> 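Structure in structure tokens, see below.
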Amino acid sequence: MEPVQKLFFKQDAVAVAQKLLGKVITCDGCSGMIVETEAYKTDPASHAYKITPRSEIMLKTYGCWYIYFVYGMYYCLNITTNGLEEPGAVLIRALEPMEGIARMKQRRNTDDITNLCSGPGKLCSALAIDRTFNGSTIAGQMKLFHYKDFPERRITISTRIGIKEKNPLPWRFFLKGNRFVSKAKP
DNA sequence: TGAATGATCACG
DNA sequence: GTGATCATTCAT
């Protein structure tokens with residue numbers, strides 16, 4: 001598998017979100033194919049709507065892992081995009097597990113492989129991703145590779161999950177019919 | 001439907 | 001300092 005180049009992320013977050021489907025993340029001996037993403041730019045629901053110490057990485061970098069702690073118990077994994085052009089990031093919402101499944105099952109305390117990485121908090125737990133990776137590049141310990149390319153007809157576009165926005169943006173992308181995608185609320 | 005659980009941020 | 005909020009998950 002070919003590593004994804006950092007320059008790939010110097011473009012619009014929405015475009016990156018769609019193109020990330022089918023790429024593979026490797027970390028700590030485990031790997032999985034990205035099957036669900038969401039884009040965040042400078043819209044009101046984005047951390048980059050107002051730049052703070054936490055979100056500054058979205059303004060200053062691209063091609064870097066952005067990991068934050070939510071709800072007192074979970075981590076979310078993002079990759080920064082575009083940098084100074086327009087701050088943005090793509091949230092990785094679900095993976096199709098590939099390697100290291102036994103370890104993921106252990107960390108997630110389940111035998112159901114569709115329950116290992118089918119949510120942003122779940123996949124961080126499965127791959128042992130925490131704040132120590134925040135700010136590192138995609139060429140560091142946690143890496144990103146080209147694997148498959150999916151045509152538009154294999155992709156579903158919907159609004160983002162778990163955030164409240166007045167005018168919901170169609171910035172969520174997932175593989176049509178894939179069983180490892182997170183369960184969307186109705 | 002609501003509890004768990006703590007970092008982050010706005011306010012002053 | 002204090003209080004509200006939170007890009008979630010799980011059990012009830």
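Labels below follow one simple rule: chain letters A, B, ... track the order of the sequence lines, proteins then strands, and each chain is numbered from 1. The structure displayed is predicted, hence computed values, not measured ones.
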> Are the side chain of A:Ser55 and the backbone of A:His47 linked by a donor-acceptor contact shorter than 3.5 Å?
yes
> Using the test salt bridge (charged side-chain N to carboxylate O under 4.0 Å, His left out), find all partners of A:Glu165 that sit at least two apart in sequence or belong to another chain.
A:Arg160
> Report yes if the ring of A:Tyr40 lies under 5.5 Å from the six-membered base ring of C:dA7 with planes under 30°, and no otherwise.
yes
> Looking at residues at least two apart in the chain, or sitting in another chain, which of them share a salt bridge (charged side-chain N to carboxylate O under 4.0 Å, His left out) with A:Lys60?
A:Glu56
> Taking the P atom of each, how far is C:dT2 from B:dT5, in whole Å?
22 Å
> Once the angle between the rings of A:Tyr75 and A:Phe69 is folded into 0 to 90°, is it parallel (under 30°), tilted (30 to 60°) or perpendicular (over 60°)?
tilted
> Can you list everything that forms a salt bridge (charged side-chain N to carboxylate O under 4.0 Å, His left out) with A:Asp12? Sequence neighbours excluded, please.
A:Lys41
> Quick one: pull up CG in A:Asn78 and CE in A:Met58 and give me the separation to the nearest 0.5 Å.
7.0 Å
> With a 4.0 Å heavy-atom cut-off, tell me which residues in residues 97-106 of chain A come close to DNA chain C, sorted by residue number.
none
> Quickly work out the A:Leu77 CG to C:dA7 C1' distance and round it to whole Å.
12 Å
> Output yes when a side-chain donor or acceptor of A:Ser31 lies under 3.5 Å from a complementary backbone atom of A:Thr26, and no otherwise.
no
> Over how many whole Å does the gap from A:Tyr74 atom OH to B:dT5 atom P extend?
10 Å
> If you pin A:Arg108 and A:Tyr66 to their nearest nucleotides in DNA chain C, which one's is more 5'?
A:Tyr66
> Ion pair present between A:Asp112 and A:Lys105, side-chain N to carboxylate O less than 4.0 angstrom?
no
> Expressed as a whole number of angstroms, how long is the span from A:Leu116:CG to C:dT9:P?
13 Å
> Rounded to whole angstroms, how far apart are CG on A:Leu123 and C1' on C:dA7?
12 Å
> Give the rounded distance in Å between these two atoms: NZ of A:Lys183 and C1' of C:dA7.
19 Å
> CG of A:Asp112 versus C1' of C:dC10: gap in Å, rounded?
14 Å
> Quick check on side chain to side chain donor-acceptor pair (under 3.5 Å): which of A:Glu85, A:Lys19, A:Glu86 does A:Gln11 satisfy it with?
A:Lys19
> Applying a 4.0 Å non-hydrogen cut-off, can you work out what A:Ala45 is touching in the nucleic acid: base, sugar-phosphate, or nothing?
base
> In whole angstrom, give the distance that lies between atom CG of A:Leu91 and atom P of C:dC6.
16 Å
> Using modelled atom types and a 3.5 Å cut-off, is there a donor and acceptor pairing between side-chain atoms of A:Arg107 and backbone atoms of A:Ser125?
no
> If you pin A:Lys164 and A:Gly119 to their nearest nucleotides in DNA chain C, which one's is more 5'?
A:Lys164
> Using atom CZ of A:Arg160 as one end and atom P of C:dT8 as the other, report the distance to the nearest whole Å.
11 Å
> For DNA chain C, just give me the dot-bracket, please: Watson-Crick or G-U, both distances below 3.5 Å, ( ) intra-strand, [ ] crossing earlier pairs, | paired with another strand, . unpaired.
||||||.||||.
> Using atom types as modelled and distance alone, determine if a side-chain donor or acceptor of A:Lys23 lies under 3.5 Å from a backbone N or O of A:Ile34.
no
> Going 5' to 3' along nucleotides 6-12 of chain B, which nucleotides have protein heavy atoms under 4.0 Å from the base (write B), which only from the sugar-phosphate (write S), and which from neither (write -)?
BSSS---
> Determine yes or no for a side-chain-to-main-chain donor-acceptor pair under 3.5 angstrom, with A:Thr80 supplying the side chain and A:Cys64 the backbone.
yes
